[in-house]
Amino acid sequence: MTTNIEDALDAVAAGDLDRAGAAVRDGGSPLAEALAAHLAEERGGSVYDQPAAFEAFIDGGGNVGLYRAVGEALAALHARVRPSTVLDVGCGDGRLLRPALAGHGGSTVTLVEPSAALLDAAVRALDGFEVDARPTRVEPFAASLADDTAFDVAQSTFALHALPHDVRDGVLSDLVGHVGTLAVVEFDVPDLPHGGPEHLRRLAETYERGLAEYGADRALVARGFLMPVLTGQLMPGAIRATWEQPAARWAEQAERAGFADVEVTRLHDYWWAPAFLLTASGSPRR
């Protein structure tokens with residue numbers, strides 16, 4: 001069933017969009033139809049330039065159970081650490097931060113989010129808390145932290161994968177001296193040769209399952225988020241949106257940056273890959 005989609009993705013990786021479009025022109029499945037429509041359009045920019053599509057994506061499908069599991073895990077971590085200062089990197093609209101903070105008052109929250117629309121939503125969601133909202137990427141933020149700046153908890157949910165691996169190394173190294181407890185939620189993806197047959201087959205099968213979970217919002221989710229993410233992983237010259245890796249490599253990366261006591265806990269089975277929580281201890285310079 002996914003053969004024509006695999007052929008289309010192989011063509012995308014080769015930069016042959018005419019061949020890719022021809023492979024899925026007749027549709028036959030939600031993913032084939034969405035990919036054909038996407039390839040017929042001239043698209044550019046970041047996948048996060050359309051907040052409505054991203055919000056429709058995280059509001060539906062398997063994300064309902066996923067976000068519930070992540071929210072419970074973060075709330076438990078906050079209840080244990082009871083931080084007075086919190087940093088959220090790539091906070092999105094703040095939906096996972098507000099519940100985590102609900103069990104303890106008085107936290108000062110720093111939000112780092114390059115999307116102005118999502119950051120505004122997060123600030124509104126945290127009404128009543130002391131919020132320092134930074135409309136920026138994490139790289140310049142982390143690199144410019146003052147020596148005496150420290151956060152009891154620094155968390156990031158499904159955001160750090162948007163950084164290339166070497167850039168992420170630099171960010172984690174910049175943060176380690178300012179963080180008491182690090183909490184990162186990401187997906188434990190298999191280590192497959194990029195663009196190889198197994199990788200393309202996995203993309204076809206998982207994106208088909210994921211897209212099929214949506215009903216009325218399927219076209220919006222596909223056009224504004226999932227298809228740009230899918231093709232951006234493969235298309236030469238495209239704006240790549242993800243640099244994911246297995247959970248074990250996330251742990252190695254945290255340790256390489258100087259974090260200690262690294263632990264990985266599986267949280268939820270999801271159509272793309274199992275979600276996990278990585279926690280680690282930093283060395284804040286107060």
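For reference, positions follow the sequence shown, starting with 1. All values reported here derive from a predicted model rather than from experimental measurement.
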Visitor: Which residue pairs pass the salt bridge (Lys or Arg N to Asp or Glu O under 4.0 Å) test when at least one of the two sits in residues 246-260, sequence neighbours left out?
Guide: D169-R256, D191-R249
Visitor: Can D132 and T108 be said to form a side chain to side chain contact (heavy atoms under 4.5 Å, CB included), step by step?
Guide: CA-CA 8 Å; D132 178 12; T108 299; 5.7 Å; no
Visitor: What I'd like to find out is whether the side chain of T110 reaches to under 4.5 Å of the side chain of F141, using heavy atoms alone.
Guide: yes
Visitor: Honestly curious: do L226 and V64 fall in one hydrophobic cluster under the side-chain, below-4.5 Å linking rule?
Guide: no
Visitor: Which pair of heavy atoms, one from S156 and one from L160, lies closest together, and at what distance?
Guide: OG-CG, 3.4 Å
Visitor: Can you find a pair of side-chain heavy atoms, one from F54 and one from D93, that are under 4.5 Å apart?
Guide: no
Visitor: Is any side-chain heavy atom of R98 less than 4.5 Å from a side-chain heavy atom of L101?
Guide: no
Visitor: With side chains defined as the heavy atoms from C-beta onward, is the minimum distance between V179 and P284 less than 4.5 Å?
Guide: no
Visitor: Under 4.5 Å between side-chain heavy atoms, counting indirect links through other Ile/Leu/Val/Met/Phe/Trp/Tyr residues: same cluster for L182 and L77 or not?
Guide: no
Visitor: Salt bridge (Lys or Arg N to Asp or Glu O under 4.0 Å) between R19 and D10: does it pass, once the steps are laid out?
Guide: CA-CA 9 Å; R19 178 165 68 88; D10 179 68; 3.5 Å; yes
Visitor: Do side-chain atoms of Y214 reach the backbone of G60 as a donor and acceptor pair under 3.5 angstrom?
Guide: yes
Visitor: Any side-chain to backbone donor/acceptor pair from D188 onto A247? Under 3.5 Å, distance only.
Guide: yes
Visitor: Looking at every heavy atom in both T206 and W271, which two are closest together, and how far apart are they?
Guide: O-CE3, 3.0 Å
Visitor: Counting C-beta onward and ignoring hydrogens, is there a side-chain heavy-atom pair between L230 and M227 closer than 4.5 Å?
Guide: yes
Visitor: Show the nearest heavy-atom pair for residues G27 and E33, with the distance to one decimal.
Guide: CA-CG, 3.9 Å
Visitor: Can you tell me how far apart CG (L31) and NE2 (H38) are? Round to the nearest 0.5 Å.
Guide: 11.5 Å
Visitor: Quick one: pull up CZ in F225 and CZ in F57 and give me the separation to the nearest 0.5 Å.
Guide: 5.0 Å
Visitor: Dump the intermediate steps for side chain to side chain contact (heavy atoms under 4.5 Å, CB included) on T157 and L97, then the final yes or no.
Guide: CA-CA 10 Å; T157 55; L97 183 53; over 6 Å; no
Visitor: Would you check if the side chain of H194 reaches a backbone N or O of Q233 as a donor-acceptor pair within less than 3.5 Å?
Guide: yes
Visitor: List the steps, then state whether side chain to side chain contact (heavy atoms under 4.5 Å, CB included) holds for T3 with D7.
Guide: CA-CA 6 Å; T3 301; D7 291 342; 4.0 Å; yes
Visitor: Go through the structure and list residues passing salt bridge (Lys or Arg N to Asp or Glu O under 4.0 Å) with R202, not counting sequence neighbours.
Guide: none
Visitor: Keeping H199 on the side-chain end and L192 on the backbone end, is there a donor-acceptor pair under 3.5 Å?
Guide: no
Visitor: To the nearest 0.5 Å, what is the distance between CZ on F276 and CZ on R266?
Guide: 11.0 Å
Visitor: Can you measure from CG (L35) to CD (E208) and round to the nearest 0.5 angstrom?
Guide: 10.0 Å
Visitor: What's the shortest heavy-atom distance between V112 and L87, and which atoms?
Guide: CG2-CD1, 3.8 Å
Visitor: Using a 3.5 Å distance criterion without hydrogens, assess whether the side chain of E113 forms a donor-acceptor pair with backbone atoms of L119.
Guide: no
Visitor: Could you grab the distance from atom NE2 of H268 to atom CZ of R68, nearest 0.5 Å is fine?
Guide: 8.0 Å
Visitor: Hey, quick one: are V184 and V153 part of the same hydrophobic cluster, counting side-chain heavy atoms closer than 4.5 Å, chains of contacts allowed?
Guide: no
Visitor: Below 4.5 Å, heavy atoms only, C-beta onward: do H78 and V86 meet side chain to side chain?
Guide: yes
Visitor: Ignoring hydrogens, what is the shortest heavy-atom contact between E139 and V167? Give both atom names and the distance.
Guide: CG-CG1, 3.5 Å
Visitor: Check whether any side-chain heavy atom of L145 sits under 4.5 Å from a side-chain heavy atom of L175, and report yes or no.
Guide: yes
Visitor: Distance-only, no hydrogens or angles: does the S107 side chain make a donor-acceptor pair with backbone N or O of P83 under 3.5 Å?
Guide: yes
Visitor: Does the pair W250 and H161 meet the rule for a side chain to side chain contact (heavy atoms under 4.5 Å, CB included), with working shown?
Guide: CA-CA 10 Å; W250 281 96; H161 68 249; 4.1 Å; yes
Visitor: Would L74 and V81 show up in the same hydrophobic cluster when neighbours are defined by side-chain heavy atoms closer than 4.5 Å?
Guide: no
Visitor: I need the minimum non-hydrogen distance between L163 and R168, along with the two atoms involved.
Guide: O-NH2, 2.9 Å
Visitor: Below 4.5 Å, heavy atoms only, C-beta onward: do F259 and Q253 meet side chain to side chain?
Guide: no
Visitor: Any chance you could measure L118, atom CG, to L111, atom CG, to the nearest 0.5 Å?
Guide: 11.5 Å
Visitor: Does this structure show an ion pair linking R82 with D152, if we count only N-O contacts that are shorter than 4.0 Å?
Guide: no
Visitor: Can any side-chain N or O of D88 pair as donor or acceptor with the backbone N or O of G94 at less than 3.5 Å?
Guide: no
Visitor: Within the distance-only criterion (no hydrogens, no angle test), does the side chain of R95 pair as donor or acceptor with the backbone N or O of A125 below 3.5 angstrom?
Guide: no
Visitor: Are L234 and W272 grouped together when hydrophobic residues (ILVMFWY) are joined by side-chain heavy atoms under 4.5 angstrom apart?
Guide: yes
